Protein chains: 2
Amino acid sequence: MGPMPESRPYHHGDLRSTLLAGAERTLRDKGAGALSLRELAREAGVSHAAPGRHFKDKQALLNALALNGYDRLARVLEEADDPALPLQPRLTTLARAYLLFAIDNAELLELMYARKHDPESAEQMAVGVDRTVGLLGRVLSGAQQRGEIIEADPHHLTLTVGATLHGTATFTCGGMLGHEEALAGVDHVVHLLLHGLKPR
Amino acid sequence: MGPMPESRPYHHGDLRSTLLAGAERTLRDKGAGALSLRELAREAGVSHAAPGRHFKDKQALLNALALNGYDRLARVLEEADDPALPLQPRLTTLARAYLLFAIDNAELLELMYARKHDPESAEQMAVGVDRTVGLLGRVLSGAQQRGEIIEADPHHLTLTVGATLHGTATFTCGGMLGHEEALAGVDHVVHLLLHGLKPR
DNA sequence: ACCTGAACACCGTTCAAGT
DNA sequence: ACCTGAACACCGTTCAAGT
């Protein structure tokens, strides 16, 4: 019964990353409600007060998670985007990528869109949002310059298209649509956005 | 220093409603994170264990709040709807009513759309959702029969239009749009839905 | 600079016991 | 039938003290 080899030194070394990684796993597996700093500390093999050195409170950890999410979402969309594609399939590809991200990271996405009450983190989130809607905005502005879509405030167009995609994702994650059903419907949604409900 | 007149008998009499009303006020004033059964019990002048007689756990109270919200939302939309209006203004009116409800009840709406993990409450919520998207579905189906909108799966059309409205509400409540800005933009959003992004 | 241990003020939930 | 009071097992946060 000798002492186990001490695999962890007094200083963890990378506690901040470990906590964030654990939080993301808990978020995915058990939901935001199950997130506990004390539990994360336990999983990291560290005292319950240690997280306080890296995150001033629980909300700070949640904000860090959300910022992380914006990073990943922006990367996913940028990788999915293919400027060589015509407008409709290009938008469809982006919409599908967004929906896939939403399905894979439903709880995280909720965190990302959660109302922030302190103005400081609200600004950080705004930057993250800009990164993700920015791509969509550029695609639409480009199409607009080529005369492929109507001349209207591009910011407004972007928000409307973004709202449709996000609303679809919300409905899907909320269980109102099956995942496959939603992914299969993406083409129709984009078609509807481009051509409208009215007969032509 | 005589005893205060005992305004509350041993049996509260209407504790369930009192708790729900208090919860709705807290939700509006301080957000879902600030909701505490013990605090609600204190406000109701009752022991901290008393809520357990009316709600088996905290989630049960949240579910009751959400169902309540679906009721109110359905009423709001039904009152706002004017079947005498042509399609576009009729949809605009409904969209504005939904956005107003969302702005006034942002935290409640989040609760209403929150993923439910137990299948029992998930079904209750589905009924509530059906009540609210049902109206939209009937409006669109009617327009479809009159040939005012394209022939496509009406359920799919409804979900897409609903997604756009809900996404707009989410963006607005999340602070990406100002309230007035969003309300002023409703006309454009509905116009876009009906006519599409492509030039005609 | 980073972490511990104890302390404080909260939670939700349960259950015998009271009215 | 409805509520209380005590108990249990959790939280987040703070702060002196340790390494």
Side-chain angles (χ1 to χ4, degrees), chain A residues 3-23 25-27 29-66 107 111 114 116-118 120-121, chain B residues 3-23 25-27 29-66 107 111 114 116-118 120-121:
Chain A
M4 299 277 290
E6 265 301 326
S7 56
R8 280 184 219 283
Y10 187 86
H11 288 74
H12 180 284
D14 200 16
L15 185 52
R16 201 190 129 93
S17 310
T18 304
L19 291 171
L20 281 175
R25 207 165 41 72
T26 304
L27 200 60
D29 294 351
K30 312 195 228 165
L35 259 183
S36 139
L37 291 179
R38 286 176 107 111
E39 175 82 17
L40 290 173
R42 251 175 259 131
E43 287 172 16
V46 104
S47 91
H48 65 257
R53 289 286 129 189
H54 299 275
F55 302 99
K56 92 172 207 295
D57 57 18
K58 195 180 182 179
Q59 187 59 50
L61 183 139
L62 296 180
N63 288 345
L65 275 180
E107 296 271 355
L111 219 61
K116 293 315 176 303
H117 303 93
D118 54 311
E120 185 218 353
S121 61
Chain B
M4 299 277 289
E6 265 301 326
S7 57
R8 281 184 217 284
Y10 186 88
H11 289 74
H12 180 286
D14 200 15
L15 185 53
R16 203 191 127 94
S17 311
T18 304
L19 291 171
L20 281 175
R25 208 166 38 73
T26 304
L27 200 60
D29 294 352
K30 311 195 228 166
L35 258 183
S36 139
L37 291 180
R38 285 177 107 110
E39 174 82 16
L40 290 173
R42 250 175 261 132
E43 287 172 15
V46 103
S47 91
H48 65 256
R53 288 289 129 187
H54 299 275
F55 302 99
K56 91 172 209 294
D57 56 18
K58 194 180 183 179
Q59 188 57 51
L61 182 139
L62 295 180
N63 289 345
L65 275 179
E107 296 271 354
L111 218 62
K116 293 312 175 304
H117 303 93
D118 54 311
E120 185 220 351
S121 61

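Lettering follows sequence order; numbering is per chain, from 1. Keep in mind the model is a prediction, meaning the values are calculated, not measured.
A donor-acceptor pair shorter than 3.5 Å cannot be found between the side chains of T26(B) and D29(B).
One finds the CG atom of D118(A) at 6.5 Å from the CD atom of Q59(A) (value rounded to the nearest 0.5 Å).
One interatomic measurement links the two molecules: CG of L15(A) to C1' of dT4(C), which rounds to 13 Å at whole-angstrom precision. For the pair K30(A) NZ and dC10(D) P, the interatomic distance rounds to 12 Å; values are reported in whole Å. dG12(D) atom C1' lies 12 Å from atom CG of L61(A), rounded to whole Å. Put simply, CD on E39(B) is 11 Å from C1' on dC10(C), counting in whole angstrom units. Atoms CG (L37(A)) and P (dC10(C)) sit 19 Å apart, rounded to a whole Å. Look at CZ on R53(B): it is 11 Å from P on dT4(D), rounded to the nearest Å. Between the CG atom of L62(B) and the C1' atom of dG12(C) there is a distance of 12 Å, given to the nearest Å. Atoms CZ (R42(B)) and P (dC11(C)) sit 5 Å apart, rounded to a whole Å.
With a 3.5 Å ceiling on both atom-pair distances, the Watson-Crick or G-U wobble partner of dA16(C) is dT4(D). Summarising the base pairing, dA9(C) is matched to no nucleotide, lacking a Watson-Crick or G-U wobble pair whose two defining distances lie under 3.5 Å.
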Problem - Audit row: V46(B), L19(B), side-chain contact (heavy atoms from CB on, under 4.5 Å) steps and yes/no - result: CA-CA 10 Å; V46(B) 103; L19(B) 291 171; 5.6 Å; no
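Backbone-only engagement by H54(B) is indicated by non-hydrogen atom pairs under 4.0 Å involving sugar-phosphate atoms exclusively.
The backbone N or O of A32(A) lies less than 3.5 Å from a partner atom in the side chain of E107(A), making a donor-acceptor pair.
The pair E43(A)-R25(A) meets the salt-bridge criterion, with a side-chain N (NZ, NE, NH1 or NH2) lying under 4.0 Å from an Asp/Glu carboxylate O.
For the OP1/OP2 pair of dC11(D) and a distance below 4.0 Å, the side-chain nitrogens and oxygens of R38(B) include no atom meeting the criterion. Between S36(B) and dG12(C) there is a side-chain N or O to OP1 or OP2 distance below 4.0 Å.
Annotation: of the two residues near DNA chain C, A50(A) and F55(B), the 5′-most nearest-nucleotide partner is A50(A).
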